[in-house]
There are 2 protein chains.
Amino acid sequence: MKIREDYTCPLEIAHDIMKGKWKPIILFQLQREPVSLSALERSIAGISQKMLLEQLKELQAFGLVDKHAFDGYPLRVEYSLTPDRGRRMLEAVRIMQQIGVDIMVEQGQTDFLDAKGIAYSKDGCPQKSG
Amino acid sequence: MKIREDYTCPLEIAHDIMKGKWKPIILFQLQREPVSLSALERSIAGISQKMLLEQLKELQAFGLVDKHAFDGYPLRVEYSLTPDRGRRMLEAVRIMQQIGVDIMVEQGQTDFLDAKGIAYSKDGCPQKSG
DNA sequence: CAGCATCCGATCTGATACTG
DNA sequence: CAGTATCAGATCGGATGCTG
């Protein structure tokens with residue numbers, strides 16, 4: 001995957017980086033630690049492997065995500081946020097996430113809040129299994 | 001326009017708020033002051049009136065944008081960011097924009113930077129006319 | 001100036017089956 | 001476990017013409 005070199009507007013790049021249903025969620029899920037493809041797939045409800053791989057590739061191309069492949073069997077791979085660009089974009093994702101939380105609370109949906117009404121369970125998104 | 005009330009994930013809402021090619025650009029253009037529809041249209045290169053109106057409506061529905069209509073002829077309307085949600089989302093947009101700037105600089109595109117190499121001309125996006 | 005409706009091609013995304 | 005290929009339906013977005 002190669003990045004266009006004829007962008008004329010920074011926000012056009014930003015859109016290409018973040019577009020689609022899954023990118024912000026993927027970045028959000030990578031915030032704690034490097035994770036395997038299958039772990040990522042399990043942590044994101046509803047995503048197909050095709051979309052996950054495709055979006056991860058784009059994030060890698062733009063320098064937000066790193067991939068580390070280990071030799072041997074079974075195959076093992078770990079994805080992580082890059083310290084600079086990935087972490088910075090995570091800040092933007094956090095803001096968006098918080099606004100989403102606000103709206104859910106405003107709608108009376110407080111299920112995902114903890115006892116103190118501050119933090120939210122897991123990452124605030126439904127997980128695949130237990 | 002009515003907002004879904006069955007969201008299960010804050011980032012799902014965030015995506016609905018920001019999805020599409022134009023929302024971040026519109027928020028960015030609204031940061032300085034309230035503007036009319038036609039001014040907005042002029043300041044965003046390539047957007048159609050249909051998309052502009054449609055996206056503004058969605059941003060209003062989610063509480064990021066306010067609209068103020070004045071009586072009399074010619075018709076006059078002003079759009080602005082809401083002080084809370086709109087301004088907060090603008091922070092996320094700024095982060096995304098800055099990452100876009102970084103990538104453009106990395107690609108050797110420095111045309112839009114000012115003499116000091118820090119700020120960028122206009123809003124960093126091409127404008128319609130002069 | 002502000003706003004709406006329709007048509008239609010481009011793009012995105014999910015399901016499914018297959019490879020190393 | 002990690003990753004690829006293909007096909008079909010859904011969604012997105014641009015052009016255009018019309019109303020108050």
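Just so it is clear: chains get the letters A, B, ... in the order the sequence lines come, proteins before strands, and each one is counted from 1.
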Distance only, no hydrogens: is a donor on one side chain within 3.5 Å (strictly under) of an acceptor on the other, for B:Gln31 and B:Arg94? yes
Is the closest side-chain heavy-atom distance between A:Leu64 and A:Leu90 below 4.5 Å? no
Just to confirm, is there a sub-4.0 Å distance from OP1 or OP2 of C:dC12 to any side-chain nitrogen or oxygen of A:Lys19? yes
Take atom CE of B:Met51 and atom P of D:dC12, then tell me their distance rounded to the nearest Å. 8 Å
Are OP1 or OP2 of D:dG3 and a side-chain N or O of A:Lys57 less than 4.0 angstrom apart? no
In whole angstrom, what separates A:Glu41's CD from D:dA2's P? 9 Å
Indicate, with a heavy-atom threshold strictly under 4.0 Å, whether B:Leu37 touches base, sugar-phosphate, or nothing. sugar-phosphate
So, B:Arg85 side chain and B:Phe62 main chain: donor-acceptor pair closer than 3.5 Å or not? yes
Could you check how far NE2 of A:His15 sits from C1' of D:dG13, rounded to whole Å? 11 Å
On DNA chain C, does the nearest nucleotide to A:Gln55 precede the nearest nucleotide to B:Leu56 from the 5' side, or the other way round? Give the residue. B:Leu56
Donor-acceptor pair, distance only, cut-off 3.5 Å: does the side chain of A:Gln60 make one with the backbone of A:Leu56? yes
A:Ser48 has its side chain closest, among C:dG14, C:dA2, D:dA2, to C:dG14
Starting the side chain at C-beta, find the nucleotide from C:dA15, C:dG3, C:dA5 nearest to A:Lys50. C:dA15
Nearest of C:dA15, C:dT6, D:dT4 to any side-chain atom of A:Leu53? D:dT4
Does B:Ser38 have a side-chain nitrogen or oxygen under 4.0 Å from the phosphate oxygens OP1 or OP2 of C:dA2? yes
Looking only at the side chain of A:Gln49 (C-beta and beyond, no hydrogens), which of the listed nucleotides C:dA15, C:dC4, D:dT4 gets closest? D:dT4
What is the distance from CZ of B:Phe70 to C1' of C:dC1, rounded to the nearest Å? 14 Å
Do any side-chain nitrogens or oxygens of B:Lys67 fall under 4.0 Å of OP1 or OP2 in C:dG3? yes
Just the rounded figure in Å: distance from C1' of D:dA2 to CD of A:Glu78. 14 Å
Could you give the CD1-to-C1' distance, from B:Ile47 to D:dA15, as a whole number of Å? 14 Å
State whether B:Tyr79 places a side-chain N or O below 4.0 Å from either non-bridging phosphate oxygen (OP1 or OP2) of C:dC1. no
Would you kindly give the CG-to-P distance between A:Leu40 and D:dA2, to the nearest whole Å? 10 Å
Is there a donor-acceptor pair under 3.5 Å between the side chain of B:Gln107 and the backbone N or O of A:Arg4? yes
A:Trp22 CH2 to C:dT13 C1': how many Å, rounded? 9 Å
